[in-house]
Amino acid sequence: MTDAAYTAWRHDRQQGLASVLIAETRENVTTLNVRARAALILDGTLKPGPEITLSDGSMTGVGDTIITRHNDRRLRNRHGWVRNSQTWTISQVRGDGPVTIRPPGARFGNSIVLPAEYVAEHVDLGYADTAHRAQGITADTAHVLVEPTTTRENLYVAMTRGRESNLACVILDRPDGHATPHPGDNPDATARTVLYGVLQHSGAELSAHETITTEQDRWGSIAQLAAEYDTIAAPAQHDRWTTLITTSGLTTDQAQAVIDSDAFGALTAKLRRAEANHHNVDTLLPRLIKTRGFTDADDIASIIHHRLANATTRSADSGRTRYAPRLIAGLIPEAAGPMTSDMRHALDERRELIETCAGAVLDTARAAGEAWTRPLGDPPRDPRKAAAWRRYARTIAAYHDRYGITEDTPLGPVPDDAAQKIDRARAEAALRQLASQPEPHSRHRPPAPTRHGPTL
């Protein structure tokens, strides 16, 4: 299966697609990276030239695809700074160890020079990666090596790296002499039975442990944590949303068409956001479906999504009682409702990590005196007002970091992406709240100076 995954990856590369191999262990990743690089040298894609040894013993040179493994805001171009899990292309290797890198596909400009120390400690070849470390990677296609030890969370992440396709290659064979039990020892084992076992294997505790202890700079990757939360939330709520769809007034064929639609994922994400804004989706969705029929509709799921978006433009709060939306770090809708305990546990862990990361981004940026934090002001002295200030400031920090804002303003330019526009509106509201708070040292007007001398 390793050969099959590699062959498929190489075929995609030859077709001009950006493709990534994803394996379970770092040892397998190193082996695949070395093999991939050797093939690119043999077919002439990579030209002979100066090379540098990386921390895992592999070599790299001009033209190689690499991945940076450490956030460093000091290493930047006009579009951003070097982040963990970013993919780059080497454009120059210098004799004393530094390398010049560019974003994939860029031929000129946007270069960054990585110092020799950074290259030696924080750079890997980028043709293959583990699922845990591939959360920030997006490619045209992904080829995933699935083993019995693969966790459900890692499978979800790995199988969402490709924009066009994601292929799972299930390993049933293992070299002779292996000491531990393996499904390949069972002649009745199939890819289906291995995948079933993987889906029953939750690695939430291990994932959280690795996130905290092994990936110490993960605090700078809110986008990755948010993507992981969304990835886990989709299957965690899948049964609930399919049940709601099938009991909301659609015919059996219509309901199945919605569930099978490419727009089903966007629809369920919209349902989650609506519920986070206190809309009762169990009653709202049937009402929207009954509004008008779906005669000659090409995509019922897209139509329902459109109706839901129009109906939930504002929060469901009414009257004098207003409830804060259930948003993680002020941006990410919580996944609520019935789900398995291990799914809930995995989501709760990621919620805590996102909140912690947002606070760390805020504190680090303020301590460094970064320009974008100046409009936030300083926290008030009153403990309650200080807690509110931090909540709003953390939302702005989460937005600034999630979308890689490089300008010296808190929110940067107005985005074109619809999802980012929603998050920006949340961050703008938080910024307005901060602007309305009095300065910490200006609550009391100082007494007018005493005037001496004659008066008129």
Side-chain angles (χ1 to χ4, degrees), residues 68 70-86 110 112 118 136 211-212 215-227 229 324-325 327-332 350-417 419-444:
T68 48
H70 179 67
N71 297 310
D72 195 326
R73 295 171 185 263
R74 298 168 299 178
L75 305 175
R76 59 190 308 139
N77 57 24
R78 59 194 176 98
H79 293 296
W81 41 275
V82 172
R83 292 173 177 259
N84 179 30
S85 296
Q86 272 189 309
N110 300 326
I112 298 177
Y118 186 100
T211 302
I212 295 172
E215 304 284 347
Q216 290 295 329
D217 59 346
R218 293 273 291 155
W219 62 266
S221 304
I222 291 177
Q224 297 175 24
L225 290 170
Y229 188 94
L327 301 172
I328 302 170
L331 299 179
I332 303 155
R350 282 147 183 84
R351 173 195 171 99
E352 182 179 350
L353 285 169
I354 292 169
E355 297 278 7
T356 301
C357 287
V361 169
L362 173 64
D363 294 339
T364 303
R366 293 188 71 232
E370 294 188 18
W372 69 267
T373 65
R374 293 170 192 159
L376 309 185
D378 294 320
R381 293 177 179 176
D382 180 83
R384 293 183 61 184
K385 292 182 178 180
W389 178 93
R390 183 166 181 81
R391 184 171 64 252
Y392 296 132
R394 189 172 58 184
T395 296
I396 297 166
Y399 176 86
H400 188 93
D401 195 79
R402 182 180 189 183
Y403 294 103
I405 306 301
T406 58
E407 285 78 2
D408 290 337
T409 58
L411 307 182
V414 177
D416 295 325
D417 179 72
Q420 186 176 347
K421 285 182 179 179
I422 295 174
D423 283 353
R424 182 187 169 91
R426 293 287 184 194
E428 285 177 339
L431 191 58
R432 287 194 297 270
Q433 289 290 337
L434 293 182
S436 68
Q437 293 190 8
E439 294 294 329
H441 302 292
S442 61
R443 297 181 194 171
H444 304 289

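Just so it is clear, the values below take in all heavy atoms, side chains as well, and ignore hydrogens, waters and symmetry mates.
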Which residues share a side chain to side chain donor-acceptor pair (under 3.5 Å) with Glu370, sequence neighbours left out: Trp372

Sequence neighbours left out, what passes side chain to side chain donor-acceptor pair (under 3.5 Å) with Glu407? Give chain and number order. none

In the structure I gave you, are the side-chain heavy atoms of [X] and [Y] within less than 4.5 Å of one another anywhere?
| X | Y | answer |
| --- | --- | --- |
| Gln433 | Trp389 | no |
| Arg402 | Gln420 | no |
| Ile405 | Leu411 | no |
| Leu327 | Arg426 | yes |
| Leu431 | Leu376 | yes |

Residue pair [X] / [Y]: nearest heavy atoms and the distance that separates them:
| X | Y | value |
| --- | --- | --- |
| Gly330 | Thr395 | CA-OG1, 3.5 Å |
| Ala358 | Ala398 | CB-CB, 4.1 Å |
| Ile396 | Pro410 | CG2-CB, 3.7 Å |
| Ala397 | Val361 | O-CG1, 4.1 Å |

Would Leu75 and His70 count as a side-chain contact (heavy atoms from CB on, under 4.5 Å) if you check the C-alpha gap in whole Å, the side-chain angles of each, and the deciding distance to 0.1 Å? CA-CA 11 Å; Leu75 305 175; His70 179 67; over 6 Å; no

Do side-chain atoms of [X] reach the backbone of [Y] as a donor and acceptor pair under 3.5 angstrom?
| X | Y | answer |
| --- | --- | --- |
| Arg366 | Asp378 | no |
| Thr68 | Arg83 | yes |
| Arg350 | Ala227 | no |
| Asn71 | Asn84 | yes |
| Thr373 | Gly369 | no |

Nearest-0.5 Å distance, [atom1] of residue [X] to [atom2] of residue [Y]:
| X | Y | atom1 | atom2 | result |
| --- | --- | --- | --- | --- |
| Asp417 | Arg424 | CG | CZ | 13.0 Å |
| Ile222 | Ile328 | CD1 | CD1 | 11.5 Å |
| Thr406 | Arg73 | OG1 | CZ | 11.0 Å |
| Leu362 | Arg394 | CG | CZ | 9.0 Å |

Just to verify, what does Ala371 make a side chain to side chain contact (heavy atoms under 4.5 Å, CB included) with, not counting sequence neighbours? Arg374, Asp408

Check the side chains of Asp423 and Tyr403 for a donor-acceptor pair under 3.5 angstrom, ignoring hydrogens and angles. yes

So, are Arg390 and Asp363 salt-bridged, with charged N and O less than 4.0 Å apart? yes

